[in-house]
Amino acid sequence: GAALLLAGCGTGQIGDTGGGQTDPNNKNLALITGMRGEPFYVSIECAAQEAAASAGYQINVQAPEKFEQAEQSQILGGIVSTKPGAVIIAPTDDKALAAPLQQAKANGIQVVEVDTALEDRSIAVTSLSSDNYAGGSIAAQTLAQLVGDKQGSVLALNTKAGTSTTDERAKGFEDEIAKHPNLKLLPTQYTENEPATAAQIVSATLAANPDLVGVFGTNLNTGEGAATALSNAGKSGQVQLVGFDASPKQVEDLRNGRVQALIAQNPGKIGQEGVQRAIAAIKGEPVERETKTEMIAITRDNMDQRSQYFYKSSC
Ligand code: T6T
């Protein structure tokens, strides 16, 4: 009895992936992004909808109201009960979503990660995201260049601990800043992905560190909040601000000098490929386990040539 049970029960042997059977003819997909109505995710959604329609698949798109794992897990539970062939998801926490996604997989649903990813790499069949560590490093190089050889402190604003993407961006930023002896790295702060919290942190940091010369906002919300705080303090353009993402508001802030550079991702590519891979996985075709999509630095000088990288707030 015990031996038999062990043989069938996830002892780690090759080929045992803990996945249920997927019907190769299932034409239903689900997409769960990290947050409703947020331009990075809206841009993923628009591209995913187009790709699904052109392949003749249905796609059910949902998202939590806030970047929040409890609500996202609940949405996932509802979707699993409708038995799509694949769920394309941006997990809002690199650990908390592992159990419900493992459950989806056990129910024969292919799991495709877009943008964020789980720490446990055995659950998803494929992941598509920016090279976030490299993105953080590019942000630091860009900031160092903007500051020049001035001495001073720099601050990175992360979102929520356990967000794979912004954790990697912060790490890439910190490692690169360490190579610039004129820049002193302040402890990275968490904004809980709230622009208002980001703004408060930047105001407090300005007050406590009059030598602040640069800020890195690791995503759209932190960057938008930081831009507001620097502008309110009359410090726009004196304290250099490098943001990540390219929402309509971030692009406007770049144009009016409240932000000096943006590292834009390619959410359209992530959404389109996410759907194509989900379909391949449903059909049992091999897919690459991990793919990094490109990013590009945008400044006021080149923004008119790079407008194809701006995000959408509706399809
Ligand atoms: O920066 C993106 C995304 O890559 C990240 O995982 C979470 O925040 C954003 O959605 C922007 O708000």
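Just so it is clear, the values below take in all heavy atoms, side chains as well, and ignore hydrogens, waters and symmetry mates. What you see is a predicted model, and the numbers here were worked out from it, not measured in a lab.
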Student: Quick check on the hydrophobic clustering: are Val154 and Phe216 connected, directly or via other members, by side-chain heavy-atom contacts under 4.5 Å?
Tutor: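 Same hydrophobic cluster.
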Student: If hydrophobic clusters are built from ILVMFWY residues whose side chains come within less than 4.5 Å, do Val147 and Val239 share one?
Tutor: no
Student: Under a 3.5 Å cutoff, is there a donor and acceptor pairing between the side chains of Glu290 and Ser127?
Tutor: no
Student: Going by distance alone, is a donor N or O of one side chain under 3.5 Å from an acceptor N or O of the other, for Gln58 and Asn28?
Tutor: no
Student: Give the C-alpha distance, both sets of side-chain angles, the deciding distance and a yes or no for side chain to side chain contact (heavy atoms under 4.5 Å, CB included) between Gln240 and Val213.
Tutor: CA-CA 6 Å; Gln240 305 298 315; Val213 289; over 6 Å; no
Student: Looking at OG1 of Thr142 and CD1 of Ile298, how far apart are the two atoms once the value is rounded to the nearest 0.5 Å?
Tutor: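 Separation between the atoms: 11.5 Å.
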Student: Thinking salt bridges, do Arg300 and Asp253 make one under a 4.0 Å N-O criterion?
Tutor: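 Salt bridge between Arg300 and Asp253, a charged N being under 4.0 Å from a carboxylate O: no.
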Student: Can you list everything that forms a salt bridge (Lys or Arg N to Asp or Glu O under 4.0 Å) with Arg306? Sequence neighbours excluded, please.
Tutor: none
Student: Do the numbers put Arg169 on top of the ring of Phe244, so that NZ or CZ is under 6.0 Å from the six-membered ring centre and no more than 45° off the axis?
Tutor: yes
Student: Tell me the closest heavy-atom pair linking Pro84 and Ile109, and the distance in Å.
Tutor: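 Shortest heavy-atom separation between Pro84 and Ile109 comes out as O-CG1, 3.3 Å.
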Student: Rounded to the nearest 0.5 Å, what separates atom OH in Tyr309 from atom CD1 in Ile263?
Tutor: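 Those atoms lie 13.0 Å apart.
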Student: Between the main-chain N or O of Gly234 and the side-chain N or O of Gln238, is there a donor-acceptor pair closer than 3.5 Å?
Tutor: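 A pair under 3.5 Å: yes.
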Student: Let's go through Lys283 and Thr22 carefully: what are the C-alpha distance in whole Å and the side-chain angles of both, what is the deciding distance for side chain to side chain contact (heavy atoms under 4.5 Å, CB included) to 0.1 Å, and is it a yes or a no?
Tutor: CA-CA 8 Å; Lys283 293 181 178 162; Thr22 307; over 6 Å; no
Student: Are Ile279 and Tyr57 side-chain neighbours, meaning at least one heavy-atom pair lies under 4.5 Å?
Tutor: yes
Student: Please answer: with hydrophobic residues joined when any side-chain heavy atoms are less than 4.5 Å apart, are Leu29 and Val114 in the same cluster?
Tutor: yes
Student: Within the 4.5 Å heavy-atom criterion, are Gln250 and Phe310 side-chain neighbours or not?
Tutor: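 Answer no - side chains too far apart.
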Student: Kindly compute the distance separating CG (Leu146) from CG (Leu143), expressed to the nearest 0.5 Å.
Tutor: 6.5 Å
Student: Taking the side chain as every heavy atom from C-beta outward, state whether Arg36 and Pro64 have any pair of such atoms under 4.5 Å apart.
Tutor: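 No, too far: nothing below the 4.5 Å cut-off.
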Student: At their closest point, which heavy atom of Ala233 faces which heavy atom of Leu206, and how far apart are they?
Tutor: CB-CD1, 3.6 Å
Student: Are Asn302 and Gln305 side-chain neighbours, meaning at least one heavy-atom pair lies under 4.5 Å?
Tutor: yes
Student: Can you tell whether the side chains of Glu273 and Arg277 come within less than 4.0 Å, N to carboxylate O?
Tutor: yes
Student: Do Leu212 and Val259 sit in the same hydrophobic cluster, where Ile, Leu, Val, Met, Phe, Trp and Tyr count as joined when their side-chain heavy atoms come under 4.5 Å apart?
Tutor: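 Looking at the clustering, Val259 is in the same group as Leu212.
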Student: Report yes or no: does Arg289 contribute a side-chain atom to a donor-acceptor pair with the main-chain N or O of Arg121 at less than 3.5 Å?
Tutor: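 Yes: the side chain of Arg289 pairs with the backbone of Arg121.
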Student: Using a strict cut-off of less than 4.0 Å between a Lys/Arg side-chain nitrogen and an Asp/Glu carboxylate oxygen, indicate whether Glu194 and Lys66 qualify as a salt bridge.
Tutor: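 Yes, Glu194 and Lys66 are salt-bridged.
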Student: Ignoring hydrogens and geometry, is there a side-chain-to-backbone donor-acceptor pair from Lys105 to Ser122 under 3.5 Å?
Tutor: yes
Student: Are the side chain of Gln110 and the backbone N or O of Val87 linked by a donor-acceptor pair below 3.5 Å?
Tutor: no
Student: Run the side chain to side chain donor-acceptor pair (under 3.5 Å) check on Glu288 and Thr291 step by step: do they pass?
Tutor: CA-CA 7 Å; Glu288 191 173 69; Thr291 303; 2.5 Å; yes
Student: Do Thr188 and Glu174 pair up side chain to side chain, a donor and an acceptor below 3.5 Å, judged on atom types alone?
Tutor: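 Result is yes, a qualifying pair exists.
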Student: Mind checking whether Tyr311 and Phe40 have parallel, tilted or perpendicular rings, split at 30° and 60°?
Tutor: tilted
Student: Are Lys179 and Glu176 within salt-bridge range, i.e. N to O under 4.0 Å?
Tutor: yes
Student: With a cut-off of 6.0 Å (strictly less than), are more than 12 heavy atoms of other residues, nucleotides or ligands near CD of Glu294?
Tutor: yes
Student: Is Thr163 close to Thr116 at the side-chain level, that is, under 4.5 Å between some pair of heavy atoms?
Tutor: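 Yes - at least one pair of side-chain heavy atoms lies under 4.5 Å apart.
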Student: Is it true that Thr197 and Glu192 share a donor-acceptor pair across their side chains at a distance under 3.5 Å?
Tutor: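 No.
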Student: Does one side chain, of Thr92 or Gln72, offer a donor that lies under 3.5 Å from an acceptor on the other?
Tutor: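 Yes, a side-chain donor-acceptor pair sits under 3.5 Å.
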Student: Is the side chain of Ser231 donor-acceptor paired with the backbone N or O of Ala227 at a distance under 3.5 Å, no angle test?
Tutor: no
Student: Between atom NZ of Lys312 and atom SG of Cys46, what is the distance when rounded to the nearest 0.5 Å?
Tutor: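 Interatomic distance, Lys312 NZ to Cys46 SG, rounded to 0.5 Å: 5.0 Å.
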Student: Do Arg258 and Leu230 touch side chain to side chain, with heavy atoms closer than 4.5 Å?
Tutor: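 Not in contact.
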Student: Count the heavy atoms belonging to other residues, nucleotides or ligands that lie under 6.0 Å from CD of Gln103, then report whether that count exceeds 12.
Tutor: no
Student: Using only atom types and a distance under 3.5 Å, with no angle test, would you say the side chain of Thr293 pairs donor to acceptor with the backbone of Ile270?
Tutor: no
Student: Without swapping roles, check the side chain of Asn182 against the backbone of Gly148 for a donor-acceptor pair under 3.5 Å.
Tutor: yes
Student: Is there a donor-acceptor contact under 3.5 Å from the side chain of Asp93 to the main chain of Ala96?
Tutor: yes
Student: Tell me whether Asp131 contacts the main-chain N or O of Ala134 through its side chain, where contact means a donor paired with an acceptor under 3.5 Å.
Tutor: yes
Student: Can Ile88 be reached from Val125 by stepping across I, L, V, M, F, W or Y side chains whose heavy atoms are under 4.5 Å apart?
Tutor: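 Cluster IDs for Val125 and Ile88 match.
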Student: How about CD on Gln308, more than 12 heavy atoms from neighbouring residues, nucleotides or ligands closer than 6.0 Å, or not?
Tutor: yes
Student: Within the 3.5 Å criterion, strictly below it, is a donor on Asp211 or Gln151 matched to an acceptor on the partner's side chain?
Tutor: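 No.
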Student: Taking C-beta and beyond as the side chain, do Ile201 and Thr191 meet within less than 4.5 Å on heavy atoms?
Tutor: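 Yes, side chains in contact.
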Student: Is it true that Asp167 and Lys171 make a salt bridge, defined as a side-chain N closer than 4.0 Å to a carboxylate O?
Tutor: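 Here Asp167 does not pair with Lys171 in a salt bridge, since their nearest N and O are not under 4.0 Å apart.
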Student: Taking atom NZ as the centre, does Lys160 end up with more than 12 heavy-atom neighbours from other residues, nucleotides or ligands that are less than 6.0 angstrom away?
Tutor: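 Yes, the 6.0 Å shell around NZ holds more than 12 heavy atoms from other groups.
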Student: Are a donor atom and an acceptor atom from the side chains of Thr222 and Asn219 found within less than 3.5 Å of each other?
Tutor: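 Yes, a side-chain donor-acceptor pair sits under 3.5 Å.
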Student: Heavy-atom count around Glu50 CD within 6.0 Å, excluding the residue itself: above 12?
Tutor: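 No, the 6.0 Å shell around CD holds no more than 12 heavy atoms from other groups.
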Student: Determine, for Lys95 against Glu119, whether the closest basic-nitrogen to carboxylate-oxygen distance falls under 4.0 angstrom.
Tutor: yes
Student: At what distance, to the nearest 0.5 angstrom, does CD1 of Ile44 lie from OG1 of Thr33?
Tutor: 7.5 Å
Student: Could you tell me whether the side chain of Ser203 reaches within less than 4.5 Å of the side chain of Asn232, counting heavy atoms only?
Tutor: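 They are not in contact (no side-chain heavy atoms under 4.5 Å apart), so the answer is no.
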Student: With a 3.5 Å cut-off and no angle check, do the side chains of Thr159 and Thr166 form a donor-acceptor pair?
Tutor: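 A donor-acceptor contact under 3.5 Å links the two side chains.
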Student: Quick one: does Ser313's side chain have a donor or acceptor within less than 3.5 Å of a partner on Pro39's backbone?
Tutor: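 Not at all, since once roles are kept as given, no pair shorter than 3.5 Å links the two residues.
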Student: Measure the spacing between CG of Asn107 and CD of Gln102 and express it to the nearest 0.5 Å.
Tutor: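 Here the rounded value is 10.5 Å.
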Student: Do Asn221 and Asn193 meet the criterion of a side-chain donor-acceptor pair at a distance under 3.5 Å?
Tutor: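 A pair is found: one side chain offers a donor N or O, the other an acceptor, under 3.5 Å apart.
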